[in-house]
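Atom set for the values below is all heavy atoms of this structure, side chains included, hydrogens, waters and symmetry mates excluded. Order of listing sets the numbers, starting from 1, for every ligand and every atom in it.
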Amino acid sequence: MAFKEECGVFGIYGHSEAANLTYLGLYALQHRGQESVGIASSDGGRLQIHKAMGYVADNFNEATITRLAGMSAVGHVRYSTAGDSGIKNAQPILIDCAHGEIAICHNGNLVNAQELRDMLVREGSIFQTTSDTEVLLHLYARSKAATPEQALIESISQAQGAFSLVLLTKDRLIAVRDPHGFRPLTLGRLGDAYIVCSETCALDLIDAEWIRDIEPGEVFIVGPEGAKSIHPFPPARKAHCIFEHVYFSRPDSYVFGRSVNEVRTELGRRLAKEQPVAADVVVPVPDSGVCAATGFAEAAGLPLQMGLIRNHYVGRTFIEPHQSIRHFGVRVKLNPVKSILQGRRVILVDDSIVRGTTSRKIVKMVRNAGASEVHLRISCPPTISPCFYGVDTPQRAELIGATHTIEEIRRYIDADSLGYLSLDGLLAPVGDQRSSYCTSCYTGEYPVAVPENEAAYLQLALKLVE
Ligand code: SF4
């Protein structure tokens, strides 16, 4: 699977080891972004920040954590979905303005960021980053509202699209979720401390108790006077990202009120019923295909075996020898287990086909390892449309599901058969909540108006990285 993950956010208020726990929380959320990491803390008077490119584990030590003093902190792991991936775009973004210091962490993507940015630049704003998130801070800094809280609401009200935000001022932690609730954001407690984070797996690691999700459209504020919630935005149709269940979130998390493992396993069961095929063994494409493959094998009454092994320690780049190695890019991450695949009819289970190039290499690798037949099963429908809400998808023209029939895709990836889960099957595990989900990348129907000129929008994202 070649979708890039988006971002993970974490915030804590009222704990003597706030920065250390934020660091651990980000550790648990590392799967949501590996390009950069940052933590900001408050000692009640001033904010401190540390940001770096790369993994959480490589960028924090005793000294950096000690420097991040105070009882509250916010943190962010980033994969850039808008703007480039340099350190200047790493989050939290910290500014000082008439309303005081504020640090912001954002998961999602604002669909009207460019319009807002153009307007702000015309009126004199000077931007430090190319990320859509900075737009919110400019709106906040310009606001004439009487209090920081009112200024924040006034600025965020102008944003459209997906935003799960965690913000820190000198004496408050604030969590905001867009009225559609595209991205997850959840609330926990650790003793007297409050925690907000993208997924419950971050709560588990620090032994915190899950309380509830931050609701779509909710602004949750905790400060010296205690915690409160307000709902300042007009209500909107809920649009939780179904792809969090298919791929993004960790299977040990509860997201949108459901166990990711349960949903993902059920997708596999349904896929087996919708797309049966005679075979000897079910093999997941690790790691993201494992839960669906488990469900598939269970429903099909076939053995599940780890016929592809993933190297978990692959860095961001590797030096390829001059004498080229066939399928090096895939092979460095995945290697076939010949004793499982040889002479057998194999069902490969994966969660998506984006451009088709990786699937083609994996099918070939399994065939070369001796499989007599290779059948590919995908635990969601074909991806036919880009995401504008925080998931890094290529342009429509590069999505093989948008430009080719299923039979053409099968021929391209050279599988003996190819089967996708239907849209109905995808939504079945979320039961009567199905109308609360976004499925735009499978249907092309968008719950929030997307930029009219899609190509120009995506070009803009490209242009920004030059
Ligand atoms: S378009 Fe797809 S990936 Fe984007 S929010 Fe909707 S379901 Fe999620």
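Residue contact check: Phe243 has heavy atoms under 4.0 Å from atoms 3 (S), 8 (Fe) of ligand 1. Counting the atoms of ligand 1 from 1 in the order shown, those under 4.0 Å from a heavy atom of Tyr389 are 5 (S).
A donor atom on one side chain and an acceptor atom on the other are not found under 3.5 Å apart for Arg32 and Tyr79. Under the 3.5 Å distance criterion, with hydrogens and angles disregarded, a donor-acceptor pair is assigned to the side chains of His375 and Ser417.
Under 2.8 Å from atom 2 (Fe) of ligand 1 lies no N/O/S atom of Cys387, from backbone or side chain alike.
Here Lys228 pairs with Glu149 in a salt bridge; the nearest charged N to carboxylate O distance falls below 4.0 Å. Ion pair Glu408/Arg411 not flagged as a salt bridge, since none of the NZ, NE, NH1 or NH2 atoms sits closer than 4.0 Å to an Asp/Glu carboxylate oxygen.
For atom 6 (Fe) of ligand 1, the nearest non-hydrogen atom of the protein is Cys438 SG, 2.3 Å. Of the protein's non-hydrogen atoms, Cys441 N, 3.4 Å is the one closest to atom 1 (S) of ligand 1. Given atom 3 (S) of ligand 1, the protein heavy atom at minimum distance is Val391 CG2, 3.5 Å. The protein atom (non-hydrogen) at minimum distance from atom 5 (S) of ligand 1 is Arg183 NH2, 3.4 Å.
Closest to atom 8 (Fe) of ligand 1 by heavy atom, among Pro386, Cys241, Gly161, is Cys241.
With Phe182 as the partner, the ring-ring contact (aromatic ring centres under 6.0 Å, His included) test is satisfied by one option alone out of Tyr389, Phe163, Phe388, Phe248: Tyr389. Applying the side chain to side chain contact (heavy atoms under 4.5 Å, CB included) test between Asp132 and each of Asn89, Asn109, Val111, Asn112 identifies Asn109 as the sole match.
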